[in-house]
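Read the structure below first, then the notes.
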Amino acid sequence: MALTRDQIAQRVARELQDGYYVNLGIGIPTLVANFIPEGMEVMLQSENGLLGMGPYPTEAELDADMINAGKETVTAAKGAAIFNSAESFAMIRGGHVDLTVLGAFEVDQNGSIASYMIPGKLVKGMGGAMDLVAGAQNIIVTMTHANKHGQSKLLEACTLPLTGVDCVKKIVSDLAVIEVKDGAFHLLERAPGVSIEEIQEKTAGKLVVNGDVPEMVF
Amino acid sequence: MALTRDQIAQRVARELQDGYYVNLGIGIPTLVANFIPEGMEVMLQSENGLLGMGPYPTEAELDADMINAGKETVTAAKGAAIFNSAESFAMIRGGHVDLTVLGAFEVDQNGSIASYMIPGKLVKGMGGAMDLVAGAQNIIVTMTHANKHGQSKLLEACTLPLTGVDCVKKIVSDLAVIEVKDGAFHLLERAPGVSIEEIQEKTAGKLVVNGDVPEMVF
Amino acid sequence: MAGFDKVVNSYEEAMAGLEDGMTIIAGGFGLCGIPEGLIAQMVKMGKKELTIVSNNCGVDDFGLGLLLHDRQIKKMVSSYVGENALFEKQLLNGELEVELTPQGTLAEKMRAGGAGIPAFYTATGVGTPVADGKEVKQFNGRDYIMEESITGEFAIVRAWKADRYGNLVFRHTAMNFNPMAATAGKITVVEAEEIVEPGELEPSEIHTPGIYVNRVIKANFEKRIERRTVRQD
Amino acid sequence: MAGFDKVVNSYEEAMAGLEDGMTIIAGGFGLCGIPEGLIAQMVKMGKKELTIVSNNCGVDDFGLGLLLHDRQIKKMVSSYVGENALFEKQLLNGELEVELTPQGTLAEKMRAGGAGIPAFYTATGVGTPVADGKEVKQFNGRDYIMEESITGEFAIVRAWKADRYGNLVFRHTAMNFNPMAATAGKITVVEAEEIVEPGELEPSEIHTPGIYVNRVIKANFEKRIERRTVRQD
């Protein structure tokens, strides 16, 4: 069975470490915040200028001047800092953020990522994604392994305009956990009940399988 | 009679305009603050991170954490802002300071200035002077017209290592007010009782004298 | 202290000097922290062929999106413009030009513009369409592209508190691009929720020193929320 | 919140990992805002061949000048070093190297180092000895030189208030180079007058967000005054 969105987020959360500063993109990455392991503390960076993002506000707390990078109303956690956009990207570009989790249209076996533009459709823009993939210490991509037409999104080489080159370290898809290194996709874990063959079939780039690949447990 | 240090400062103060942001260097330039014309407001920038420098503190106000760029204890004027060194030089380099007044060893007829180093003697460093001469909208140099051996400090070309090139707009020396433009020193005013001939004699660079040159009045 | 009193009393005075073809740098992120009244004044003045530098272009009926109705914008420099149907239409028609700029690069370009730094190097965008036509240089074995700074004839900024000298404090994440925008305008105009007397703002807590600011106007803001997300407690 | 509690209880812990030959970026301007206890610990540890990046080098018997007595400094990167007889002697002897850097360029090099910007252009120093060996490029008809960023194995910083997460607030002009230094160290160590609990500092008033800070130690400072100037009232 392919993982649900929540399970993908839950699996990504296992990559967190106590004391990590983390930037979570829009969509599935945002859900990771719901699965931070008990007793572990991570601090969420929102690139519009907030370090220490808290939960959504209650009706009473709602404040138009307090939003996240997805333009959602949020709160500040205890010990948060608020700063301008240049400072925010100084931290990101300068490599001070430990982990970035973001979605993608395509990732290739060299770790390049395409996530912001599909030519012919409207160009919405890259927002902070290009800075994040260029600057973060570690980059995990969450996405479905294949698109709705069954075509692989893990490619030998990306076909869409790139967001960044040679930067993605790990992919948590609905089917597998994959490490990207040495020009190949290395299969680390399978979704429960998903066969290596199915993953192989839906991975267009070079897939490396070493021995028995464990199933994820939830 | 050559001007006193106070008179030089007083003459420089006539160049101020209401609403000017001004950076005053160490020595005679610092004295300019004592001669700001009645009813005129200027704001003093100190490059260690203070916009709106006030007078020296009283004994009761003395605070080691409140100094100016000359490392003297100072106060903050009403409406002052305090910021870091990068911000301070962003304002300077970005051309937001209206006027810089500083001393010099030599100025040449192209407006180049040497003020920070005499080879063979100890190198103390340029501090913020290079940023100030590169960034300020207007630069006035205060200095004696000649050194203690009677040698001119207004040269055809500076002989000492430069602080900046083609940047000085005006010189207020103990003998004269001089505008630096079009590759020459233009004599605007004389110190009371000082002859054009004396100024000519003590100006090694090209001096332009147009008609009667008025004496300064104090 | 006439020389430093920057408060103006009308939007006409606030935006006086705006002309066709000018570049305007605007603070704000989405609809958060945008100078609503200054944008409305720009709509009213009807100047055309404007280049707007702003992270986003508002929505169809609020913020910078309002400038699209009379086709006042020639070019947008932004990181994300996907909230706006009219924008899409004008872009596809070729009536509007867009220069997509990564968000961090955009913030740094504004800061550099205000700080007298004509260009800087960044790894952001290397190997992507953003790098097209830009100089690439290696430092410590990694490629970086050269990005040039941005300045504008005007900068329009929203602040929380401003004193008469133009010292500014921003509120929460309504800060965003506003401090950088404030440094990069030849004429910087600030719309503030509150105007206080000099001395009321603690010097070390001022986000933008008054030296960058030319005009200040007091305003009431609608503060529209773009994505209202709440939790039940 | 073990993961973000950065408070250490001894100077040994604070400077653990310092080795011969490392580069240390130090906050402070003259004797104002210098991390006195961290410098004293460096003297105690006796590591040699250090490169120190700091606007000044203290005076003979206080601040970074103390590192000169046992010849711990190989190279200084500073804008002004003229307060110090021992410095002069070692420089003339050839025991000490100095890289004079304009004050604003120095501040920007530290900021750039922390912000992932490997180099930037500035007009400061064009046509002077500072430009020797540096790339010159024209923008809008004016010459600029390329300056590269600075980072260090350590940064040592003095703050006024620090919370346990490493968020910092600086006091008056003791701020100076400290916020930039804080961003540019691989290990950033902060000596603070006061340590407060997370939540006590107002988020928008924090000068340095904790993400840049690795260790925090509480200290008492002598705060020596370099030029005591007072007025009579």
Side-chain angles (χ1 to χ4, degrees), chain B residues 16-23 36-54 63 65-68 74-100 128 130-137 164 167, chain C residues 1-7 25 107-120 149-152 155 159 161-170 179-188 195-216:
Chain B
L16 300 174
Q17 294 182 25
D18 196 30
Y20 255 27
Y21 294 98
V22 180
N23 184 294
I36 297 168
E38 195 76 26
M40 182 183 291
E41 300 286 354
V42 304
M43 205 170 275
L44 301 177
Q45 205 260 12
S46 189
E47 65 265 29
N48 58 316
L50 172 60
L51 181 70
M53 182 164 64
D63 186 331
D65 291 341
M66 197 66 214
I67 67 167
N68 66 16
V74 290
T75 56
K78 184 184 278 193
I82 293 173
F83 34 80
N84 66 49
S85 302
E87 179 64 51
S88 184
F89 284 93
M91 348 186 135
I92 290 168
R93 198 191 303 104
H96 305 278
V97 173
D98 297 298
L99 173 66
T100 283
M130 279 194 185
D131 305 278
L132 282 159
V133 300
Q137 294 295 319
C167 53
Chain C
M1 202 158 179
F4 294 102
D5 189 349
K6 299 173 182 177
V7 175
I25 303 186
E108 193 68 17
K109 282 162 87 88
M110 289 185 193
R111 179 190 177 275
I117 292 171
F120 58 90
S149 65
I150 297 181
T151 56
K161 295 180 187 174
D163 71 19
R164 293 187 166 270
Y165 295 177
N167 292 309
L168 308 182
V169 170
F170 302 95
M180 276 71 63
T183 69
K186 200 167 159 67
I187 298 177
T188 291
I195 292 178
V196 303
E197 290 306 313
E200 288 189 47
L201 302 176
E202 176 63 29
S204 303
E205 291 171 7
I206 288 167
H207 294 125
T208 294
I211 195 169
Y212 296 112
V213 172
N214 301 91
R215 304 171 189 166
V216 176

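Chain identifiers are assigned alphabetically (A, B, ...) following the order of the sequence lines, protein sequences preceding nucleic acid strands; residue numbering begins at 1 within each chain.
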message: Taking the ring centre of each residue, are C/Phe4 and B/Tyr21 less than 6.0 Å apart?
response: yes

query: To the nearest 0.5 Å, how far apart are OG in C/Ser204 and CG in B/Asn84?
result: 11.0 Å

message: Quick check for you: to the nearest 0.5 Å, what is the distance between B/Glu87 atom CD and C/Ile206 atom CD1?
response: 11.5 Å

query: Sub-3.5 Å donor-acceptor pair from the side chain of C/Asp163 to the main-chain atoms of B/Gly79, do we have one?
result: no

- line: Residue from B/Ile92, B/Leu51, B/Asp98 scoring the most non-hydrogen pairs under 4.5 Å with chain C is B/Leu51

message: For the interface with chain C, which of B/Gly95, B/Gly135, B/Ala80 has the highest count of heavy-atom pairs at distances below 4.5 Å?
response: B/Ala80

field: Per-residue contact mode, B/Ala86 against chain C (heavy atom under 4.5 angstrom)
entry: both

- prompt: What option among C/Ala115, C/Gly116, C/Gly199 has the most heavy-atom pairs under 4.5 Å with chain B?
  reply: C/Ala115

task: Working to the nearest 0.5 Å, report the span between OH of C/Tyr212 and CE of B/Met91.
output: 4.0 Å

Reported NE2-to-OG1 distance for the pair B/His96 and C/Thr183, which is rounded to 0.5 angstrom: 6.0 Å

- request: Locate the shortest heavy-atom distance separating B/Lys78 from C/Tyr165; write the atom from each residue and the value.
  value: O-CE1, 3.4 Å

message: Need one label for C/Arg111: side chain, backbone, both or neither, based on atoms under 4.5 Å from any heavy atom in chain B.
response: side chain

